[in-house]
Amino acid sequence: MVDMGALIGSVRRFGLAGPPYEIIGMAPPSPSGEPQMRIHLLESDEDADYPVGDILNDPMDD
C-alpha cells in the first residue's frame, strides 16, 4: 500500500517529456472509487484531481 501523504510536495511529469505538476494534497476518490490526489500544474497554474496509479507511473521531475 502506498503512503499517499508521502507523495505530497513531490513534483512529477506527465510521461517523460510532459509538463510538470506538484502533488498538493489528498482528493476524494473518483466516481469509480479509484484513489486520487490533488495536483497543481506548474505551467498552467491549474489544480486538478489525478489518479494515484497514474501518479506512481509518472517520472519524478529533476
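Since we're looking at a predicted model, the values are computed, not measured.
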Judged by atom type as modelled, is there a donor-acceptor pair below 3.5 Å linking the side chain of Asn57 to the main-chain atoms of Gly53? yes
Between Ser44 and Glu46, is any side-chain donor less than 3.5 angstrom from a side-chain acceptor? yes
Contact between [X] and [Y] at the side-chain level, heavy atoms closer than 4.5 Å - yes or no?
{"X": "Arg38", "Y": "Met26", "result": "no"}
{"X": "Ser10", "Y": "Met60", "result": "yes"}
{"X": "Asp45", "Y": "His40", "result": "yes"}
{"X": "Asp47", "Y": "Ile24", "result": "yes"}
{"X": "Pro29", "Y": "Gln36", "result": "no"}

Would you say [X] and [Y] are hydrophobically clustered, going by side-chain heavy atoms of ILVMFWY under 4.5 Å?
{"X": "Val11", "Y": "Leu41", "answer": "no"}
{"X": "Leu56", "Y": "Tyr50", "answer": "yes"}
{"X": "Val52", "Y": "Ile8", "answer": "yes"}

State the CG-CE distance between Leu7 and Met37, to the nearest 0.5 angstrom. 5.0 Å
Rounded to the nearest 0.5 Å, what separates atom CD1 in Ile39 from atom CD in Glu22? 10.5 Å
Show me the donor-acceptor pairs within less than 3.5 Å that the side chains of residues 12-20 make with the rest of the protein, sequence neighbours left out.
| from | atom 1 | to | atom 2 | distance (Å) |
| --- | --- | --- | --- | --- |
| Arg12 | NH1 | Ile55 | O | 3.1 |
| Arg12 | NH1 | Asp58 | O | 2.8 |
| Arg13 | NE | Asp61 | OD1 | 2.6 |
| Arg13 | NH1 | Gly18 | O | 2.6 |
| Arg13 | NH2 | Asp61 | OD1 | 3.3 |

